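First the structure, in the form of structure tokens, and then the observations on it.
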Amino acid sequence: MPLLKSWVASANDANHPFPLNNLPYGVFSTGEDDPRCGVAIGDMILDIAAAEAEGLIALTDYPLFDVPYWNDLMEEGPAVWAALRERLTALLAKGSKEQEAVEPLLVPMAEATLHMPLVVSEYTDFYAGKQHAQNMGAILRGSPDLPANWLHIPIGYNGRASSVVVSGTPIHRPNGQTKAPDAEMPSFGPSKRLDIELEMGAIVGTGSEFGQPITVDEADAMIFGYVLLNDWSARDIQGWEYQPLGPFQGKAFGTSISPWIVTAAALEPFRAPTPPREKQLLPYLSGSKDGLYNIELEVLMQPEGADHASVIARTNYSRMYYSAAEQLCHHAIGGCAMNAGDLLGSGTISGPDRTEFGSLMELSWAGREPFTLETGETRGFIEDGDTLTLRGNARGDGYTIGFGDCVGQILPAKAWG
Ligand code: MN
């Protein structure tokens, strides 16, 4: 599919992240106005709440956009999702007869503040990157061998929805309990091994029934869209707490997502297969569609006071071993109900080369081999004041599907007591 031309001129640039082909969904405010739903088109945001109030969008006989989140639309299901996309494309296409009515509802993105685009009902984080799992094995256990279950199960843990925040929200370095290998007693204080995880977040649109298993194909159709996701991680807290029940406080203090939900429909031309299976998956984990997407990903780091950010990693979402649909199927297979607004983190995305590693733990090999930024600073883990940015783009024929940056700055730990 080529670039779809819009009467919003900035949307027609081949490198602009928000062409008519994209139409990602966010929540924005300007000045003192209340946050409301909007759609990115070029350098502008279409005020969807206003468009619905004026009758330009009427998908249901009750309002969907009188709330500052996209969950109500998600719950309507795929037919209404498709109808909205079709209607928005018609309103914003070059030559649209409704240009005059729509134009006053556009707000310059530069004047807008972006908010959480959805109410995250629950958050689950997976571990589906094979290179990452091998690297972590090599670093933590001295062997890159995968755990015995890894090639059979999309491993995950139930995380915290309460600490998922939108891009731009600062994150305080967490306090917690850690223990040095040779210490007799654990100690309490700010994490000294603060890290990122480069992930994609899949957003469940239509739910599943309690007690009802689903297939991979059903799961694929339930996914509404994707965001970039930074699963901030305190490696020293995690290292002391994680056996035998898995991550807890080392992961619970913050998860950042990019501000725009890029729909599965916009990503459809970029579907990519999962890699060859090294062990045959059990039949319930097989689907008929390519479940990954070809999305170029970058991680940037900028110390406080540095004049620019340095790219520290570049990889691709298609490096993953398990797709979001496989993860969602596995999540529901025992009867766990999935709901609109459920957020599934992919797991850290790392490619085979060192330049493709999606965490500082891997990039600095647990701090043993610090790396150097373009601006001269060296890093093993994150220091106070550092800003970390995730960026994602799918490259089409004369157009780009961008996600909007997922940015977070680390602030010093809060005083306790
Ligand atoms: Mn993670």
Side-chain angles (χ1 to χ4, degrees), residues 120 122-141 146-147 149-150 153-165 167 169 171 173-174 176 191 193-204 226-243 245-258 292 295 297-299 312-313 315-317 319-324 326-328 330-331 342-351 356-364 366 381-382 388-390 392 403 406 408 410:
V120 177
E122 298 194 55
Y123 166 51
T124 306
D125 193 38
F126 286 87
Y127 191 56
K130 183 167 152 255
Q131 185 69 48
H132 173 71
Q134 290 174 320
N135 288 345
M136 294 304 267
I139 292 167
L140 298 173
R141 294 180 293 276
L146 294 165
N149 55 8
W150 201 92
I153 296 178
I155 296 175
Y157 65 93
N158 289 303
R160 292 291 303 175
S162 65
S163 49
V164 180
V165 296
S167 172
T169 308
I171 305 283
R173 181 179 298 273
S191 167
R193 292 185 151 214
L194 187 54
D195 200 353
I196 57 154
E197 289 190 339
L198 167 64
E199 303 192 21
M200 296 293 301
I203 295 166
V204 174
Y226 291 82
V227 290
L228 304 173
L229 185 150
N230 183 352
D231 176 27
W232 301 95
S233 301
R235 301 297 180 194
D236 44 358
I237 297 173
Q238 190 182 353
W240 170 229
E241 74 183 359
Y242 85 110
Q243 287 174 331
L245 283 186
F248 190 45
Q249 294 294 83
K251 297 287 198 171
F253 60 93
T255 303
S256 301
I257 62 168
S258 52
L292 296 175
I295 300 168
L297 300 167
E298 278 183 348
V299 182
I312 58 173
T315 187
N316 195 296
Y317 179 47
R319 294 292 197 194
M320 298 311 272
Y321 192 83
Y322 292 102
S323 68
E326 288 165 345
Q327 292 169 330
L328 177 53
H330 181 70
H331 207 322
D342 263 326
L343 177 65
L344 309 185
S346 61
T348 308
I349 306 164
S350 292
E356 287 192 58
F357 292 173
S359 70
L360 304 192
M361 185 78 167
E362 295 164 270
L363 288 166
S364 73
F381 290 95
I382 301 172
L388 278 297
T389 299
L390 312 184
F403 281 76
C406 178
I410 292 296

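Order of appearance sets the numbers: ligands from 1, and atoms from 1 within every ligand. Note that the structure is predicted; figures quoted are calculated from it, not measured.
Among Glu199, His331, Glu326, Met320, the one residue that satisfies the side chain to side chain contact (heavy atoms under 4.5 Å, CB included) test with Phe126 is His331.
In this view, Phe381 satisfies the ring pair (Phe, Tyr, Trp, His ring centres under 6.0 Å) rule with no residue, not counting sequence neighbours.
Only protein N, O or S atoms were scored, and 4 of them lie under 2.8 Å from the Mn ion (ligand 1).
Considering every non-hydrogen atom in both Ile257 and Cys406, the closest pair reads C-SG, 3.7 Å. Across Tyr226 and Ala324, no two heavy atoms sit closer than the pair OH-CB, 3.7 Å.
Between Phe248 and Trp240, the gap from one ring centroid to the other reaches at least 6.0 Å.
No donor-acceptor distance shorter than 3.5 angstrom exists from the side chain of Ser233 to the backbone of Arg235, with no hydrogens or angles considered.
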